[in-house]
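Okay, so here's the structure we're looking at.
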Amino acid sequence: MKLNQLYSVVMHPKAPYAFDYSVENPTHYPAPIGDWEPGKMWFTLRWQGQKIGVRFENKGTVDKPAVEVSIYGKKPVEFKELLSEIAYRYEWNNSDAEFYNKFGNDSILKPLIEKYRGMHGFCGEELYDFIMITIFLQNTTAKRTAQMTRVMLEKYGTLLEFDGKKLYCFWSPEELVDVPEQDLRDLKVGYRAKSFLRVSKDFVDGHIDEVELRKLNTDDLRTDLLKIYGIGPASVMYALGGPFKRAVIDVIPPWEAKIYSKLLFNRDGASAEESMKELDRRYGKYKPSAIHFLFMDLAWKHRAERMKDMEKLLPFN
DNA sequence: CATCAGGGCCCTG
DNA sequence: CAGGGCCCTGAT
């Protein structure tokens with residue numbers, strides 16, 4: 001589906017804002033739903049029933065941020081509301097000022113804060129898409145996750161063409177809900193087929209309403225998210241930090257425990273409990289921010305240098 | 001060739 | 001609250 005450029009405007013995220021570190025995350029598994037190069041980002045979303053292409057171009061600096069946002073689609077949309085949603089998803093109004101203040105001189109974090117200053121959290125996906133992704137991620141390797149995602153997008157997603165890019169837009173819950181479970185299983189997604197369908201039905205029936213969920217306090221939100229079929233503690237933690245911008249670290253999944261062991265103790269075999277204790281001791285309530293910097297540093301370094309001792313531990317590139 | 005864990009979660013006892 | 005089962009793949 002070929003899209004036309006509908007709007008273009010320059011926006012100003014809250015400073016400091018480091019564009020590349022705030023739109024690209026090397027720990028995310030490769031999926032043909034977005035594309036990045038230094039200073040530019042392309043991605044897709046659904047808005048008011050339309051499939052939309054979005055392009056960011058960095059036009060500013062860390063201390064004088066400016067991002068040109070271009071919207072591609074078939075027909076006009078409520079542009080202002082869309083911009084405000086994008087600002088929410090990319091956390092343009094957030095800032096880690098308190099964290100910078102508190103840990104700017106910390107022996108470990110100081111160099112990271114210097115290098116990544118202005119890195120905002122972000123999650124370009126809406127809740128439904130994000131849940132689909134966490135289901136793809138469960139109990140498998142990153143490679144098969146990428147494979148399953150690609151096959152599902154080819155069959156049920158929509159290929160959008162805009163600004164010279166071809167990127168898939170996720171299917172809507174309505175587009176998937178009536179697909180027979182066996183059709184999904186034929187795509188080798190295994191038992192995940194059942195979760196995809198039950199989640200889709202909950203969205204179609206209005207039992208899951210992202211806008212309403214955003215209004216809840218974090219504890220109630222966690223409780224409600226845990227009720228979603230196929231979504232457990234690990235997925236909930238990721239969702240709290242992603243679509244809901246409530247970064248928490250309340251569980252350490254096994255694959256992360258291996259990385260934390262290296263990161264915190266520079267050795268293998270530290271348990272999740274040990275690492276959690278150490279995180280609390282060092283960073284207290286700032287541990288999500290600290291982990292954000294530690295993890296992103298590892299990810300960007302690994303992408304650049306392919307660190308040998310991390311090759312087995314890091315499922316990302 | 002068989003076995004098994006991998007960016008969990010559901011269900012049962 | 002612990003433990004078995006789940007789809008499929010590639011590593012061993």
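These numbers come from a predicted model, not from an experiment. Proteins come first, then strands; the chains are lettered A, B, ... in the order of their sequence lines, and each starts at number 1.
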Next on the checklist: Regarding A/L313, tell me which of base, sugar-phosphate or nothing describes its non-hydrogen contacts under 4.0 Å with the strands shown.
Outcome noted: nothing

Item to check | Separation of the P atoms in B/dC9 and C/dG10, to the nearest angstrom | outcome: 24 Å

Item to check | A/E81: partners by side-chain hydrogen bond (donor to acceptor under 3.5 Å, both in side chains), with sequence neighbours left out | outcome: none

Item to check | Span that lies between the P atom of B/dT12 and that of C/dC7, in whole angstrom | outcome: 14 Å

Checklist entry - What integer number of Å spans the P atoms of C/dG4 and B/dC4? => result 13 Å

Checklist entry - Under 6.0 Å between the ring centres of A/Y116 and A/W300? => result no

Item to check | Ring-ring centroid check A/F43 A/F122, cutoff 6.0 Å | outcome: no

Review item, side-chain donor-acceptor pairs of residues 105-115 of chain A, under 3.5 Å, at least two apart:
| residue | atom | partner | partner atom | Å |
| --- | --- | --- | --- | --- |
| A/D106 | OD2 | A/I108 | N | 3.0 |
| A/D106 | OD2 | A/L109 | N | 2.9 |

Checklist entry - Hey, what's the ring geometry for A/F136 with A/F196, parallel, tilted or perpendicular (30° and 60° as the breaks)? => result tilted

Next on the checklist: Taking any atom closer than 4.0 angstrom to a non-hydrogen atom of chain A, what span of DNA chain B does the protein reach, first nucleotide to last?
Outcome noted: B/dG6 to B/dC11

Next on the checklist: Assuming nearest nucleotide by heavy-atom distance, tell me which of A/L226 and A/K258 is located more 5' along DNA chain B.
Outcome noted: A/K258

Checklist entry - With a non-hydrogen cut-off below 4.0 angstrom, is A/T134 in contact with a base, only sugar-phosphate, or nothing? => result nothing

Item to check | Derivation of the salt bridge (Lys or Arg N to Asp or Glu O under 4.0 Å) call for A/K277 and A/D280 | outcome: CA-CA 5 Å; A/K277 243 185 205 157; A/D280 287 329; over 6 Å; no

Checklist entry - So what does A/A142 touch, heavy atoms closer than 4.0 Å: a base, only the sugar-phosphate, or nothing? => result base

Checklist entry - Using the benzene-type ring in the case of Trp, are the ring centres of A/W47 and A/Y7 under 6.0 Å apart? => result no

Checklist entry - Heavy atoms under 4.0 Å, any strand shown: does A/I135 hit a base, just sugar-phosphate, or nothing? => result nothing

Next on the checklist: Can you tell me how the ring of A/F56 sits relative to the ring of A/W92, calling it parallel under 30°, perpendicular over 60° and tilted otherwise?
Outcome noted: tilted

Set out, line by line, the N/O atom pairs under 3.5 Å between protein and nucleotides 8-12 of chain C.
| residue | atom | partner | partner atom | Å |
| --- | --- | --- | --- | --- |
| C/dC8 | O4' | A/R144 | NH1 | 3.3 |
| C/dC8 | O2 | A/R144 | NE | 3.2 |
| C/dC8 | O2 | A/R144 | NH2 | 3.4 |

Checklist outcome for this item: Here DNA chain B, pairs taken as Watson-Crick or G-U under 3.5 Å and shown with ( ), [ ] when crossing and | when to another strand, reads .|||||.||||||

Next on the checklist: Tell me which pairs pass ring-ring contact (aromatic ring centres under 6.0 Å, His included) where either residue lies in residues 233-262 of chain A, with sequence neighbours left out.
Outcome noted: A/Y260-A/F295

Item to check | Check ion pair A/E68-A/R55 (N to O, under 4.0 angstrom) | outcome: yes

Next on the checklist: Which label fits A/F103 and A/F99: parallel for a plane angle under 30°, tilted from 30 to 60°, or perpendicular past 60°?
Outcome noted: tilted

